[in-house]
Each structure stands twice: as C-alpha cells, then as structure tokens.
Amino acid sequence: MAGKKKEIQLQTTITNQDQWDEMLLTKGVVVIDVYQAWCGPCKPVVNLFRRLKNEFSEDNVLHFAVAEADNIPTLKPFRNTCEPVFLFCVDGKIIAIVRGVNAPLISKKITELVQEEREIAAGQKERAQVDELVFVEEKSSEETVTETVPEEVLRYLVAIIKPDDVLEGRVEEIKQKIRDAGFAIEAAEEKMLTEEQIRVFYARNKDQPDFEDFVQFMMSGPCHVLIISENETTDAIPHWRELHKLSESESEPEEPETEKPDRLEGIVESESIVNLCDVQDSVEDASRQLAFFFPNFHKTKTDKKVEKTLALIRPCILKERRNSIMQRIKDDGFEIAMQKEIILSEEQVCEFYREHVDQDYFPVLLEQMTSGPTLVLALTRENAVAHWRDLLGPKTVEEAMKENPNSLRAKYAVENIPIGQLHGSSTPDDARKELEFFFPQEHTLALIKPDAAKDHKDDILQKVKDAGFNIAKIKEAALTREMAAQFYSDHEGKPFFDQLVNYMTEGPSVIMVLTKENAVEEWRQLMGPTDPELAKETCPDSIRAQFAQDILFNAVHGSSNQEHALKSIECVFGEIDIG
Ligand code: ATP
Ligand code: MG
C-alpha cells in the first residue's frame, strides 16, 4: 500500500482475494469501503476521507481502500446487502465495522484508531490483544436474495424518455409504442433527473465526446422515467435487446446511443422505441437502476391500485337526499377528489350523452338533467370504477328494482321517472374521458422563488409531482424587473413592492407551467397561505409551511386566477398554447 500511486488515488482498489490479503499487510489503519459491484463504492464519504487523510498526513498512518464484496471470498457475508459497510483494519486484522454512511461515527472511529496507532508507534502504549471480527452472514442475504433477485431483475427495466420528447408532448405516444411492442408499463414518473442519476444511468456512455453536453441536455427539463416489463415472459432484457438489434439493422449507421442536444431541433421519422427512450441493457444495470429510481417499487407495486371514477347525482334527488348519498359514498371507502355543482346546459347534456341522443329515453334524460343543479363528483378508491358501478346496480331503474333492490339506483329511484338518478362511469377509460369533460385540464404559472430555488428545489418539485401536477413547461431563469412588475402589478404602490421586485429578480427562479384539473386553485392550496406562520398553523403540509422563510421570502408564487395564469405564461414562455 505504500508508493506513489496512493498519493494520487485516495482509495486503493481491491477486487480479488490476493489484493485483499496484501491489504492486510499494510502498516497503520486501513478503512475499507465494502461495496457491491452493482452499486459501486460509496461516494458521499469520500470528502470526509480526504479531509481525514490530510489531517493525519504526517506519519502515513491512515489508508483507504474500496473492496468489491462480489469477488472476494472473505467478504461473502456482505454480498447482496444494500447498505454501505466500512471495515477498519489494524495490524492485519479487521477490528471494527460501521454499517451505513454514519459520518460522525466513521470519523470518530478513524480518529480513535489513528491516535492509538500513534501512541503505539511512539512507545507510549502497548498494542492490546484485540479479537478479529467474525463476519456473520445475515440469514436473509444469500437465500432470499438469490430467490428474489433473478425474478425482479429479469422482469423489470428502467426506461427514460428524454426532455425534448417530454417537452414536445410525446410521452403518451412513446408509451403507446412501448406497449405495442409487448411491454407493460408498471410505473411512470415525471422527474427532473439529478446530475448523479444521469451519470449513473448513462455510465456506459461516459467516454463519448459529447457526454458533458448530453448531461446538460438531460438536465434541461423533466424526463419520464418508466418501469417496463414484458407481458408474457419474465425475460424483459433479452427481448429489449432484440428490438435494439433490429432497429440498428433497420436504421442508418448506428445512431449513437448518446442523443445530442440537437435532437431538440427535430426528430427523424423512422424512430423505433429503442431510440425514443433509453434503457440499460444488462441485468445488473436493470437491478441497480430500479433501486436507484424507484426505491419503493416493489412495495408500491403490491399496493392496490387507486382509481378515479365519475359520479353524478342528478337534480331530482340532489336536494332531498344529498346527505344520505354522500354518507353512503364515504362509508364505502371512497374519497372525494374533486366536486362541483353545476346546472348543465342542453348542449352539455347532448355532448356528454352523445351516444344516447337517438334513444327513446333521451328527451326525458335531457329534461331531467337540465332541471336543476347536478352534483359532479370525482371519486377515488382502489378499483373505484367497478366498485361504484356495482353499488349503483343494474342500468335501468326497472331492472334494479327487480334484480337488486338494495342497489343505489333502486333505493334512490324517483317515482314515475324511468331514469336512474345516479351515474357512474362504465370503464376506467370512460372514467378518464368523463372526468376530463367535467374537470378539464387547466394551466397555471408556478414559480419557485430564487432563495427556495437554491435551497429546496428538489423537495418542492417532489411535492408538485406528488400532488399530481403535470409539469408542462419548466425553465430556470431570473425574472426581469418588467416581468416581476407584471406578475405583481396588483401590488404596485404597496410598502413591500420594491423589496418584492428586488427579491424576485435577485437570482434564477424555477418557472413552470403546471397542468391539472383545477390547477390554479389546487396550486394555491399546495402553496398555502402567503404568510408561512399562518401556513404552519392552518396547512402544515403546504409548501410555504415547510420551506418559506417569512411573509416576503415565501418560497413560491402561483397565479391567482385563470386570466392571470394565461397572461403570466405568455409573458414568460411567449405563448399561451401549451397543448
Ligand atoms: P404570490 O402572488 O407570490 O403567489 P400570494 O398570492 O399568496 O403570493 P400576494 O398577496 O399576491 O400573495 O403577495 C405577493 C407577494 O408579495 C407574496 O408572495 C410575498 O412575497 C409578498 N408579500 C405579500 N404581503 C406581504 C407583506 N405584508 N409583507 C411583505 N411581503 C409581502
Ligand atoms: Mg398573488
């Protein structure tokens, strides 16, 4: 372990048993990061190690190494653990272990051991007889992992749809192509990838000349990260590889795997899915990346799927029986995700029921539906569509009375009216369309203000996503004074106006167009009250409660109504057509 190389390289690399045995001969203290080939050595501790190395540099007493558990028989007990493990070797023996990246503990241990070695070297202390640590193989590691890993690894792989395609609204199209090719999409998330995630995912491309540009390009906007699996076989990776080969032989001279930023300019016609989204191509990569991007994937996968359905309570019963119906909805485990009460126009009824307009019962339906306010509900629970449909019972009141008198259509039937008083979507696909009809997508302008953009960007973006917003556009830019004055024109003349404009222009903000049903209102709810002190009291989960400093430096901005939203979007992005 002595020699020149060590001065350049902080950690010696140990990849086999011989090198391990050689390491044991090192004089002084060796701190070994035991790692798994699939996840690599632990990066966050490197700075700490470097600092300690400098601190204890005089007598060359402290050394660092990284050892790959997979190929070193002594380290077999550490194979297949996800947690980083640090071993401490003194005088040829491993005498201590720290599991996890516990920096204070690692630092304390190193300091103690180095101190002791110095005292021994100076003759102030005798070397104590210390027992070598015996590594106990954790029961769970070998058996369970070898049982579960191959299945998990082979079935799922991570694919990334790049920012330019996301920006151009091609996500659904690409997903459909993936499905058409026989894969199922198990999970999809819109994410701003971190630089580290990009470097890990594209590690195989790191030597390509334009790699740095590519990393920047990948960070320029949100990507979609998908978990895909094959429907029929468990062997997703070989299948994807075959596709890859096919597309390479189809297309002109091997498109480089690294997409260049100029992809933003335009996209070639003859794209196949392997060029539209990137997938790692080895089993190890798949496993590592699954854990990297979706640490809770297997946990969430077993969770039941929460669905949304549309329910209508028609005017005839709404007034009298509203409470009892709402109670029934809650008792059955539904949550009300959105609701509105509206008096429908004839055109709206004709459009909503356009497949029924020729039926005999349509005139009655039309009259019914326009006779007063209808309560429109978006209901969520697992299996919501089928569950609500089952509760409603048979389609017509007559059938419902006969076949299932306990059904809601039977119970809430109105005398002399042959039309059921409640509606529910028939299929998840219908539910989506019907919900869209009543709760159309809205856009709002959301902004992470400069101080929060610096300190809490990732946390805030996570909350945006968790709340179900789609980030239709995103950019980081400092507002000009004109923009800030336009955003806050209503506040001109107020005592805080100048401070506000200074604050908003002091550095880059993250500016987004968010899309969702009811987006303006929902984003304002997620932001919370203007004053974070009030937010902490009344909406502790809101962004301002969690990330704002005070009433001025309050982390986020949101348009106050639809009209403002459109104006601000135009002002920042130069257009109002978000698609
Ligand atoms: P925003 O418009 O930023 O989304 P908002 O609609 O909750 O927030 P407004 O009343 O429109 O709040 O105020 C605009 C911004 O002016 C606030 O977000 C805050 O930064 C600042 N501000 C508002 N009231 C005060 C105040 N009393 N003192 C200092 N700054 C204030
Ligand atoms: Mg405002």
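Note that ligands are numbered from 1 as they come in the structure, with each ligand's atoms numbered from 1 the same way. We're numbering straight along the sequence, starting at 1.
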Pairs where residues 527-538 contributes a residue and the test salt bridge (Lys or Arg N to Asp or Glu O under 4.0 Å) is met, not counting sequence neighbours: E533-K536

Salt bridge (Lys or Arg N to Asp or Glu O under 4.0 Å) contacts in which one or both residues fall within residues 445-461, not counting sequence neighbours: K457-E476

Check ion pair K433-E436 (N to O, under 4.0 angstrom): no

Amino acids contacting ligand 1, non-hydrogen cut-off under 4.0 Å: K449, Y488, H491, F496, L500, R524, M527, T530, R544, I551, L552, N554, V556, H557, G558

Contacts of type side chain to side chain donor-acceptor pair (under 3.5 Å), residue Q462, not counting sequence neighbours: D466

Heavy atoms of other groups near E341 CD, more than 12 under 6.0 Å: yes

Exercise: identify the closest heavy-atom pair between R544 and P532: O-CB, 3.5 Å

